[in-house]
*Asks:* 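One structure coming up, written as structure tokens, with questions to follow.
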Amino acid sequence: MDHRDPLISIDIGDVHGNTTALLLSSLKWLLWTIMWLLFITWLAFIFCFPLSIVNVTIADFTTLTTPTFLGIEGLVFLIYSGPVLIIAFLSVPYLLISQKQQHQEIKKMSRRKCPSYHLSTFPLVVEGPLGVVSAAECVGILLFVSYFVWSVGVYAVAGEAVLVGLKSDILPFMFNIAGVSLGYIGIFCLAFLFLPIARGSILLRLMDIPFVHATRYHIWLAHLTVVLFLLHGICFMVEWSIEGVLLEEILKWKSSGVSNLAGVINLPIIVMMWVTSLGPVRQHYFEVFLYTHQLYIIFIIFLALHIGAMYMSIVAAPILLFMLDRFLRFCQSRNNARILSTTCFPQGILKLVLSKPKNLRYNALSFIFLRVGEVSRLQWHPFSVSSSSLDGDQTHLSVIIKALGGWTTKINEISSSICRAHQCLEGYQLPRITAFVEGPYGHEVSHHLMYKKLVLIAGGVGIAPFLAVMSDIFQLVRSGKPCLLQDILLVWAVKKSNELSLLSTVDIKLLFPPNLDILVYITQESKPLLMEEGTVVDDKSLINSFDSPPVSNPSNMSGLVGSGDITWCGMYLVSTTIGLIVLVCLLNVYYIHPNDIPSGWYQGLLFVACMVASVIIFGGFVVALWHRWDVRQPSKQSNVTTTHDQDQLCRDLAASTKVQYGSRPDFKESWGNVDVGVIVCGPPTLESTVAGRCRDGDGSNHDQDRSSLWDMNSGRDQLIGNPVHRGLETITNQPTSAALETLQQIRTTSQMVIKDAALNGITFLATAGMTSPYKLNTPINSGKYGWSHRLSTFPVLVDGPFGVVSAAEVIGIISFIVFVIWAVYVYALRDLTILDEAELTTETKISFMLKISGLSVGLIGIFCLAFLFVPISRGSILLRLIDVPFGHAVRYHIWLGHLTMILFTLHGLLYIVAWTMDGTLLQNILEWAESGVAILAGFIGLAAGLLIWVTSVPPVRKHYFEVFYYTHHLYIIFVIFLAMHIGVIFFSIVAGSIFLFMLDRFLRFCQSRNTVDVVSATCFPSGILKLVLSKPKNLQYNALSFIFLRVKEVSRLQWHPFSVSSSSLDGDQIHLSVFIRALGGWTTKINENFSTISRADESLADQLHLHPYINVEGPYGHEIPHHLMYEKIILIAGGVGIAPFLAVLSDIFHHMNQGKPCLLKDILLVWAVKTSNDLSLLFTANMNLIHSNLSNKVNLEFLVYITQESEPPLEESRLDNKAIKSFAFPLANRSRNMLSGLVGAGNNTMWPGIYLVTTTIGFLILVGSLNTFYINPNNKPTGWFHGILYLACMAASVFIFGGSVIGLWHLWESKFSQMISCDQDYFCQHYYDPETETRQDLCEFLASSTTIRYGTRPNFKDILESIHGHVTVGVIVCGPPSLESNVANQCRSRNLRREIHSTIFHFHTHNFHL
């Protein structure tokens, strides 16, 4: 931008002279140094608290201070609360000096030649669960993480030292130590918890952190504190349960020390507050969140009763500051603020103008909390202030409210009704809106005045605070006060042009200086409507304004606010603190010491009472004086009418703004070598986009933009009522030589790669497993606002024995390797220590070393076995939770199977060698001990495991699938003899995963009892068969699912998986289809059987009973439809791998037709086949219908590669339809059977959950009954018999309790399922007959919709490089392993070599070779 003169000169004389300025600066520097030293000392005390030397020192001082008037509580208060209060005291003169020197600070900034940035304004993390996080906030987070790790480490070392000396009761004592340690850490986290929510706190003003921004810190700290307190309580309850004194300890209320019952009462309170404060609850049930949060009063009281006065003194300062702020807000909100005027705008927007005292000043970018009695007597909502405190006669304040939730909608409706009544009943007494106000709160420093260039970015009603900013700048310029601004750019994005009427609330001509540029983006209108009509809105009656009539005793907003006069705030704080000290001393001298009151719950309650009394008595006295002073200040009120002529507004907008229609802002402009303040007020996506742009810079030019973020807030109606603002400070450096430009480019690229990999990796790991981060109306990519990595879709290894391995899988592999190495190392150290201490001969030492090594390897194998059964539970709730389909999970089972069997084989071999050296091999092998380890059972289990392992290697599995399949059923023998071998204790380690597998296996057994009708069969060339099966309408599944089939005519035991080629939304939603290609013995036989049926006459087939008997398990697939969550997807298929993509296309077609969420804009289907005969597979789906419908909504493109034909045979206009044989099975004369809905996957979660919970409870009941009535009375040893009983309880719970649930589930399914109609009309209506599609129709479709290439294979490098844009592309591959590796390699190469703002590819595979 061109250089422009400053808005006003800043050459202001020093009022008090250089000497006074020097003294004030020195005093300010001294205060700042003292406060920093106190803060560091306070942190040092907190970090040193876990050390034993500190506890010893405190104990020594206890004997000295107990008899004094302060007592031990006074000492703890002085150490841990004193520094905070002293810093608060010193901040009062510091802020007074800062206010006087603000002009000098601006003057000093004007002399700064080089741009700079601050940690608090540099956005380091812009995406993720924490939102936009600055570098300073990251430092704070790291500091808290360091404290937590340090404390846990110190307490763990101290606990281990104590446990070494114990010979009994180690487990209860360990839980006791853990509970105490977690409680201590939680108390210190609690010390920080109340600081951020004291809205007008002097400490927040000192650090210049507005309350809306500090609320985030409160949320983060609350999550950590609640987790620590819950773990604290759980540890003690486990300890008491082990000792058998649970109920006795819970009800204990001791006069001294800790009162357990008070702590137990607090646990449900904090859980209730925590649960109701989670995002979904807070957003949709704000009242529940608000009301339950008032339980903090009970929490504080019972906390004091629980920990007593001494530990309460640690958190006394933050709680006292919060009490001071809460009492001051209570006093301020007693005043009814008069509403001077009300204006209703289109789009549900309301402007309120409130009366305020003239002496109440605030900075722009402030906000207030508003309560409207007519809507709710308890709810307070924050809104940005849209007026400057310098406007007009300085006696009014305005806010803009948009109807976004229940509360804002109600106040808009009430105001609209009053405005309409005013127009109809002018002169009559009309109802009023009763408003109560808390605030205003905002920044202590006017940051918007300290930049030469300022960018204001607003979304919708987010323009409100920027109206205050522009008004503030104008008033300062007019009054001659310092202001550095040279250029202002206002970027405003709105949906409709009628929202521009908000500008009619200000005098555009008056407030808009000549160096102000306005860019308006109207996103949902493609052509201009404003200027053609000459009005802001077509109907001026849509803007209704109402001025309240003057009253005899007008009421103003109260000036009793913590962000107001610093002198009164300081007096309020100091007097209350002195009052607290006086009350505590008097209490100790005249009551506690004379009566020997113990330091327990009663002293804690008295301490809290002293805090409350000091606030009400001493603080209330200062507040009363403050109120009298505030009332005596002159205040002139006037009604304010703020709506200006809209025709004039249009002319002013035309001269001052640039309006763009149908587009969104692109933040890429460079501002030169200068500090630029960027302030954002809008939704989180807008904030993240701007923050990412400021952080990463623009890679399209030679500038490197380094940006910094000063965070303020954003939110919605449920949380803060109105989106407020975030500030961004951008620093731009322009290189001056070609060499510097080259270095800058290299530096930018390297920083971008490292930063993105680290930040996105951390974000992914932080969110994984906590909650599902995807919504169908939110893209996986950031779309127009950015791009992102996902570890699970980034291929790291593309060649090798493991196939394509993603980054997430590499992390899992590394984790297992680290675990094995760590375990081997620890066991080796232990074994060497035992070996050194043992007095054995050399040969005996070798034998002993082999035995203990075998034991160590066996223990490691047990923990690997605990993971082995999890991946093969096809419908497991755990696989659904982490969204890993069974086709991918099988690989993890294979890897874990190899590792587990290697470990178990080594375990057995080491013992065999040792026994051979001892000469007791046969004797030990045949040993079957009643207690301990049954060795013979272990050898039988190992033999079964070895047989399973050998027959599962790829050559055997590929060429002798039946051998692999049948021997794998030996897992039953393996599990039984494993339980006998290791006994109940060690078997309990693997019980969880085996139990989940048993649940899944029994459910699959019940589902597969049903014989499923084959609706139709179609035989294609190249040995491909399509089967259409009957399914219930209520069984829904995602595309990219698969089923397991068993055909009794081929084999009664073999099950094979096949991809589903139809969507669950097709037709009447009562059929499911699969493609089967003849690749092995089983698939060849089933193709031959159905070919025989298709050649037979229909009546003859019915007479000869040629109907196939098919059983089905599934469908199984992804929990989330990933193909609907990208704006661009590439589907790559090889041969019959087109089958799942037919389901994908059909699914997309139905989602769009039914108006369901679908983000897709571009679809590219790449299909490689050997011969053109395979194109007949497209006959199975009505591709003309799908393409014609999708082409109107998305860009659909087909690329077909026919690899073994060099010329197009389709041009002969002839297709051998006789090669395609179809047969519809008549079902009218026999029972109709459909696919059972008893499946752990799909759209049903309730029944699998009931099945799991019921069976688990049943298992616990059986084990408890067995221990109570059989094992304990008969003193059964914990050996093989106990292990087999434990396994029997697992099986019985699945059959009895789980079977009962499955029976009810089956009845429910039978009741709500809809049977299909299988008469001839049904087939004519729903079955697509390929005979009706001629060769000419297919040729026309292929010619119009696809690009066909003969004699070549796809070049995926060229295909991926042809994709451009700032977007994430989903790539899904279904084909042979070589195709997957090729595509994965190109995706990896493109992602690693990408440039900033370029395309990133997410790689997915759909395995059909399981």
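We count residues from 1, following the sequence as given. Fair warning: this is a prediction, and the values are worked out from it, not measured in the lab. Excluded from the calculations below are hydrogen atoms, water molecules and symmetry mates; all remaining heavy atoms, backbone and side chain alike, are included.
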*Asks:* Looking at every heavy atom in both Met611 and Leu320, which two are closest together, and how far apart are they?
*Replies:*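 Distance-wise, the nearest heavy atoms are CE-N, 3.7 Å.
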*Asks:* Would you say the side chain of Ile566 lies within less than 4.5 Å of the side chain of Arg205, judging by non-hydrogen atoms?
*Replies:*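 The answer is yes, as the side chains (C-beta and beyond) meet within the 4.5 Å cut-off.
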*Asks:* For the NZ atom of Lys496 and the CD1 atom of Ile522, what is their distance to the nearest 0.5 Å?
*Replies:* 10.0 Å
*Asks:* How long is the straight-line distance from OG of Ser386 back to CE of Met470, given to the nearest 0.5 Å?
*Replies:*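 Nearest 0.5 Å value for the CE-OG distance: 10.5 Å.
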*Asks:* Would a distance-only check, ignoring hydrogens and angles, find a side-chain to backbone donor-acceptor pair under 3.5 Å from Trp492 to Leu519?
*Replies:* no
*Asks:* Which heavy atom of Phe89 sits nearest to which heavy atom of Pro93, and what is that distance?
*Replies:*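 Looking at all heavy atoms of both residues, the shortest contact is O-CD, 3.2 Å.
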*Asks:* Of all heavy-atom pairs between Ser387 and Leu397, which one has the smallest distance, and what is that distance?
*Replies:*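 Reported closest heavy-atom pair: OG-CA, 3.5 Å.
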*Asks:* I'd like to check Leu95 versus Ile202 (side-chain heavy atoms, cut-off strictly below 4.5 Å). Are they in contact?
*Replies:*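 Yes - at least one pair of side-chain heavy atoms lies under 4.5 Å apart.
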*Asks:* So Ile679 and Phe466, side chain to side chain contact (heavy atoms under 4.5 Å, CB included) or not? Walk me through it.
*Replies:* CA-CA 9 Å; Ile679 308 176; Phe466 298 151; 3.7 Å; yes
*Asks:* I want to check something: taking the side chain as every heavy atom from C-beta on, are Leu195 and Tyr217 in contact at a cut-off of under 4.5 Å?
*Replies:* no
*Asks:* Under 4.5 Å between any side-chain heavy atoms of Leu456 and Leu489, yes or no?
*Replies:* no
*Asks:* How many angstroms lie between CG in Leu328 and CZ in Arg199, if you round to the nearest 0.5 Å?
*Replies:*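 The CG atom of Leu328 sits 11.5 Å away from the CZ atom of Arg199.
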*Asks:* What side-chain donor-acceptor pairs closer than 3.5 Å can you find for residues 570-579, not counting sequence neighbours?
*Replies:*
from, atom 1, to, atom 2, distance (Å)
Tyr572, OH, Leu324, O, 2.8
Ser575, OG, Met571, O, 2.8
Ser575, OG, Tyr572, O, 3.2
Thr576, OG1, Tyr572, O, 2.7
Thr577, OG1, Leu573, O, 2.8

*Asks:* For the residue pair Arg334 and Phe330, would you count it as a cation-pi contact if the rule is NZ or CZ under 6.0 angstrom from the ring centre and within 45 degrees of the ring axis?
*Replies:*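 That pair qualifies as a cation-pi contact.
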*Asks:* Sequence neighbours left out, what passes side-chain contact (heavy atoms from CB on, under 4.5 Å) with Phe618? Give chain and number order.
*Replies:* Leu583, Ser614
*Asks:* Atom CD1 in Ile616, atom CE in Met323: separation rounded to 0.5 Å?
*Replies:*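 These two atoms lie 9.0 Å from each other.
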*Asks:* Do Val353 and Lys351 have side-chain heavy atoms sitting under 4.5 Å apart?
*Replies:* yes
*Asks:* Within the structure provided, determine whether Lys402 and Thr408 are in side-chain contact (heavy-atom separation under 4.5 Å).
*Replies:* no
*Asks:* By side-chain contact (heavy atoms from CB on, under 4.5 Å), which residues pair with Ile411, not counting sequence neighbours?
*Replies:* Leu350, Leu352, Val372, Val375, Ile401, Trp407, Ser415
*Asks:* What do you reckon, is OH of Tyr291 surrounded by more than 12 foreign heavy atoms closer than 6.0 Å?
*Replies:*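 Yes, the 6.0 Å shell around OH holds more than 12 heavy atoms from other groups.
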*Asks:* To the nearest 0.5 Å, what is the distance between CG (Asn412) and CD1 (Ile349)?
*Replies:* 8.5 Å
*Asks:* Ser384 side chain to Pro465 main-chain N or O, any donor-acceptor pair under 3.5 Å?
*Replies:* no
*Asks:* Kindly give the heavy-atom pair with the smallest separation between Phe327 and Gly620, and that separation in Å.
*Replies:*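 Looking at all heavy atoms of both residues, the shortest contact is CE2-CA, 3.7 Å.
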*Asks:* Within a strict 4.5 Å, meaning less than it, do heavy atoms of the Val469 and Leu454 side chains meet?
*Replies:* yes
*Asks:* Evaluate the side chain to side chain contact (heavy atoms under 4.5 Å, CB included) criterion for residues Leu370 and Val437: first the C-alpha distance (whole Å), next the side-chain angles of each, then the deciding distance (0.1 Å), finally the verdict.
*Replies:* CA-CA 5 Å; Leu370 193 64; Val437 176; 3.8 Å; yes
*Asks:* Please name all residues satisfying side-chain contact (heavy atoms from CB on, under 4.5 Å) with Ala468, sequence neighbours left out, ordered by chain then number.
*Replies:* Ala364
*Asks:* Using modelled atom types only, decide if a donor and an acceptor are shared between the side chain of Ser471 and the backbone of Leu467 within a distance under 3.5 Å.
*Replies:* no
*Asks:* For Arg329, give me all partners under salt bridge (Lys or Arg N to Asp or Glu O under 4.0 Å), at least two apart in sequence or on another chain.
*Replies:*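 In terms of salt bridge (Lys or Arg N to Asp or Glu O under 4.0 Å), with neighbours along the sequence ignored, Arg329 is linked to Asp325, Glu438.
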*Asks:* Could you tell me which residues satisfy side chain to side chain donor-acceptor pair (under 3.5 Å) with Ser277, sequence neighbours excluded, listed by chain and number?
*Replies:*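 So Ser277 forms no side chain to side chain donor-acceptor pair (under 3.5 Å) with any residue.
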*Asks:* Roughly how far, to the nearest 0.5 Å, is NZ of Lys356 from CG of Leu340?
*Replies:*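 If I round to the nearest 0.5 Å, the distance is 11.5 Å.
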*Asks:* Which label fits Phe194 and Phe322: parallel for a plane angle under 30°, tilted from 30 to 60°, or perpendicular past 60°?
*Replies:*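 Aromatic pair Phe194/Phe322 classed tilted.
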*Asks:* How are the rings of Trp568 and Trp626 set to each other: parallel, tilted or perpendicular (split at 30° and 60°)?
*Replies:*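 Correct class here is parallel.
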*Asks:* Quick one: does any side-chain atom of Ser333 pair with a main-chain N or O of Phe436 as donor and acceptor, under 3.5 Å?
*Replies:* no
*Asks:* Heavy atoms, side chains only, cut-off 4.5 Å: are Tyr441 and Leu204 in contact?
*Replies:*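 No - every pair of side-chain heavy atoms lies 4.5 Å or more apart.
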